[in-house]
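Since the structure comes first, as structure tokens, the remarks are kept for the end.
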Amino acid sequence: MGDEKRELPPVPDRLPVTVVDAHTHLDACGAKTAADVAEMIDRAERAGVARVVTVADDLAAARWASEASTWDSRVFAAVAIHPTRTKEFGPAEQSEVERLARGERVVAVGETGLDYYWDYSPHDAQQVAFRWHIDLAKRLGKALMIHDRDAHEDVLRILDEEGAPETVVFHCFSGDEHIARRCIDKGYILSFAGTVTFKNARGLHEAARIVPRGQFLAETDAPFLTPHPYRGRPNEPYCTAYTVRFLAQLRGEAVHEVAEAVRTTAERAYRLPA
């Protein structure tokens, strides 16, 4: 059992329509070189996951994600400082994030937002950084990729106060039906990770059922949050296919319809080539 827990899940059958993994961390999955990245994306393509957005949570990861997006045409990047790392977030960090975010293959400012689960950064520091990232996304005309953990009310309030960018993506959406409806009414996009496949995620199931096509994405947040029935094992972008199939079953829709919705929404949100 111990060895099995360290193994990657099997690569599932190829989806009938290719999709985008809207949020992953290729570096945390173990990729270091262009060859590593190509190997991971080749594996993803076998499952019908043709493109990925690799996401940063600190400056080192942001530099790596930005560079990695130039190694492979199937890889795009998002850069920001994760809310749990905003205890020290001054002009030098802001300047570097903005420089990287201006990159041609950087399609989003993220992940940014609020995290009240961990006690790594004071709430006020997180909120200041969140407001700065919102402004950056608006100035650059790029999607805002939000991390929201145990902070729904403050996240929504600050978006209202600052004025949300044109495109807002709630990465690894964790709210219930009530929060989902508020986000849907604002035109925000909800991105579902492997957590939506967990049996005890009833509130998340209800949220996934009601979100209209055009306002949901699928992601892995790899190497974390591996979908059921492989929860606890390492995750990679190809596992997006498991989540897409679960969403189709949950919503009572055909797999190809959900896959098509996931792909076209990602193309629109991140301005990817169709």
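Predicted model only: the values in this text are computed from it and were never measured.
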Inset, instruction - Measure the CD-CD1 distance between Glu88 and Ile81 for me, rounded to the nearest 0.5 Å. - result: 11.5 Å

Legend entry - Check: Ser121 side chain, Lys87 main-chain N or O, donor-acceptor pair, under 3.5 Å: yes

Inset, instruction - Check whether any side-chain heavy atom of Val19 sits under 4.5 Å from a side-chain heavy atom of Thr240, and report yes or no. - result: yes

Inset, instruction - Grab the two heavy atoms, one from Gly30 and one from Asp36, that are nearest each other, plus how far apart they are. - result: O-OD2, 4.1 Å

Inset, instruction - Answer yes or no: is there a side-chain heavy-atom contact under 4.5 Å between Val106 and Leu100? - result: no

Legend entry - Pair Glu153 + Arg182, salt bridge at N-O below 4.0 Å: yes

Inset, instruction - Show your reasoning for whether side-chain contact (heavy atoms from CB on, under 4.5 Å) applies to Thr167 and Ile189. - result: CA-CA 8 Å; Thr167 302; Ile189 295 169; 4.1 Å; yes

Legend entry - Plane angle bin for Phe89 and Trp132 - parallel if under 30°, tilted between 30 and 60°, otherwise perpendicular: perpendicular

Legend entry - Criterion salt bridge (Lys or Arg N to Asp or Glu O under 4.0 Å) against Glu166, the qualifying member of Lys186, Arg139, Lys142, Arg271: Arg271

Legend entry - Residues Glu219 and His23: side-chain donor-acceptor under 3.5 angstrom: no

Legend entry - Of Asp57, Asp221, Thr220, Thr54, the residue whose pairing with His25 passes side-chain hydrogen bond (donor to acceptor under 3.5 Å, both in side chains): Asp221

Inset, instruction - May I ask whether Val20 and Val17 are part of the same hydrophobic cluster, defined by side-chain heavy atoms of I, L, V, M, F, W, Y residues being less than 4.5 angstrom apart, directly or through others? - result: no

Inset, instruction - May I ask you to check whether His147 and Phe130 place their ring centers less than 6.0 Å from one another? - result: no

Legend entry - Close side-chain approach of His82 to Thr112, heavy-atom, < 4.5 Å: no

Legend entry - Side-chain donor-acceptor contact under 3.5 Å, Thr197 with His228: no

Inset, instruction - With the side chain counted from C-beta on, respond yes when Pro212 and Ile184 share a heavy-atom pair under 4.5 Å apart, and no when they do not. - result: yes

Legend entry - Whether Thr70 side chain and Glu67 backbone form a donor-acceptor pair below 3.5 Å: yes

Inset, instruction - Take Arg46 and Arg14 through the test side-chain contact (heavy atoms from CB on, under 4.5 Å) and record every step on the way to the result. - result: CA-CA 6 Å; Arg46 292 202 296 273; Arg14 186 180 178 87; 5.6 Å; no

Legend entry - Spacing of Glu7 atom CD and Arg233 atom CZ [to the nearest 0.5 Å]: 6.0 Å

Legend entry - N-O pairing of Arg105 and Asp72 below 4.0 Å: no

Inset, instruction - For residues Leu114 and His123, determine if any side-chain heavy atom of one lies less than 4.5 Å from a side-chain heavy atom of the other. - result: no

Inset, instruction - State, without any angle test, whether Tyr120 and Asp115 hold a side-chain donor-acceptor pair at a distance under 3.5 Å. - result: no

Legend entry - Electrostatic pair Glu206-Arg202, nearest N-O below 4.0 angstrom: no

Inset, instruction - Decide salt bridge (charged side-chain N to carboxylate O under 4.0 Å, His left out) for Glu267 and Arg51; before the verdict, give the C-alpha distance in whole Å, the side-chain angles of both, and the deciding distance to 0.1 Å. - result: CA-CA 10 Å; Glu267 289 171 348; Arg51 290 173 287 183; 2.8 Å; yes

Inset, instruction - Group every Ile, Leu, Val, Met, Phe, Trp and Tyr by side-chain heavy-atom contacts under 4.5 Å, then state whether Trp64 and Val53 land in the same group. - result: no

Inset, instruction - Decide side-chain contact (heavy atoms from CB on, under 4.5 Å) for Val169 and Leu144; before the verdict, give the C-alpha distance in whole Å, the side-chain angles of both, and the deciding distance to 0.1 Å. - result: CA-CA 6 Å; Val169 176; Leu144 181 73; over 6 Å; no

Inset, instruction - Rounded to the nearest 0.5 Å, what's the gap from CD1 on Ile179 to CD on Glu177? Could you check? - result: 11.5 Å

Legend entry - Donor-acceptor contact present, side-chain Glu96 to main-chain Glu93, <3.5 Å: no

Inset, instruction - Ignoring hydrogens and angles, tell me if any N or O in the side chain of Tyr238 forms a donor-acceptor pair with the backbone of Pro9 under 3.5 Å. - result: yes

Legend entry - Shared hydrophobic cluster, Val11 / Ile41 (ILVMFWY, side-chain heavy atoms < 4.5 Å): no

Inset, instruction - Walk me through it: do Phe216 and Phe173 pass the test ring-ring contact (aromatic ring centres under 6.0 Å, His included)? - result: CA-CA 10 Å; Phe216 69 86; Phe173 181 75; over 10 Å; no

Legend entry - Common cluster, Phe224/Val55, ILVMFWY with side-chain heavy-atom separation under 4.5 Å: no

Inset, instruction - Find the distance between CG (Asp176) and CZ (Arg181) and round it off to the nearest 0.5 Å. - result: 10.5 Å

Inset, instruction - Output yes when a side-chain donor or acceptor of Glu236 lies under 3.5 Å from a complementary backbone atom of Ala222, and no otherwise. - result: no

Legend entry - Check: Ala62 main-chain N/O paired with Ser66 side-chain donor or acceptor under 3.5 Å: no

Legend entry - Least distance between heavy atoms, Thr18 atom then Arg263 atom: O-CD, 3.2 Å

Inset, instruction - Answer whether the closest heavy-atom distance between the side chains of Leu247 and His205 falls below 4.5 Å. - result: no

Inset, instruction - Quick one: do Tyr270 and Phe76 satisfy ring-ring contact (aromatic ring centres under 6.0 Å, His included)? Show the steps, please. - result: CA-CA 9 Å; Tyr270 298 133; Phe76 299 86; 8.7 Å; no

Legend entry - SG on Cys183 to CD1 on Ile146, rounded to 0.5 Å: 8.0 Å

Legend entry - Presence of salt bridge, Arg43 and Glu39, under 4.0 angstrom: yes

Legend entry - Same apolar cluster (I L V M F W Y, side chains within < 4.5 Å links), Val128/Leu59: no

Inset, instruction - First locate atom CZ of Arg157, then atom CG of Leu159, and finally report the distance between them rounded to the nearest 0.5 Å. - result: 10.5 Å

Inset, instruction - Under the salt bridge (charged side-chain N to carboxylate O under 4.0 Å, His left out) rule, what do Glu162 and Lys138 come out as? Steps first, then yes or no, please. - result: CA-CA 10 Å; Glu162 294 296 316; Lys138 290 194 292 187; 5.4 Å; no

Legend entry - Exercise: identify the closest heavy-atom pair between Ala218 and Val262: N-CG1, 3.9 Å

Legend entry - More than 12 heavy atoms from other groups under 6.0 Å of CG on Asp185: yes

Inset, instruction - Report yes or no: does Arg268 contribute a side-chain atom to a donor-acceptor pair with the main-chain N or O of Gly214 at less than 3.5 Å? - result: yes

Inset, instruction - For residues Leu136 and Ile134, determine if any side-chain heavy atom of one lies less than 4.5 Å from a side-chain heavy atom of the other. - result: no

Inset, instruction - Please step through side-chain hydrogen bond (donor to acceptor under 3.5 Å, both in side chains) for the pair Tyr230 and Asn235, ending with a clear verdict. - result: CA-CA 9 Å; Tyr230 303 105; Asn235 200 3; over 6 Å; no

Legend entry - Heavy-atom closest contact (Gly175 atom, Leu204 atom, distance): O-CD1, 3.7 Å

Legend entry - Pro227 side chain reached by Cys239 side chain, heavy atoms, under 4.5 Å: yes

Legend entry - Note: Arg213-Glu253 ion pair, threshold 4.0 Å (strictly below): yes

Legend entry - Backbone N/O of Ala261 and side chain of Thr265: donor-acceptor pair under 3.5 Å: yes

Legend entry - Gln215/Leu190 under side-chain contact (heavy atoms from CB on, under 4.5 Å): CA gap, chis, key distance, verdict: CA-CA 6 Å; Gln215 283 186 259; Leu190 312 184; 5.9 Å; no

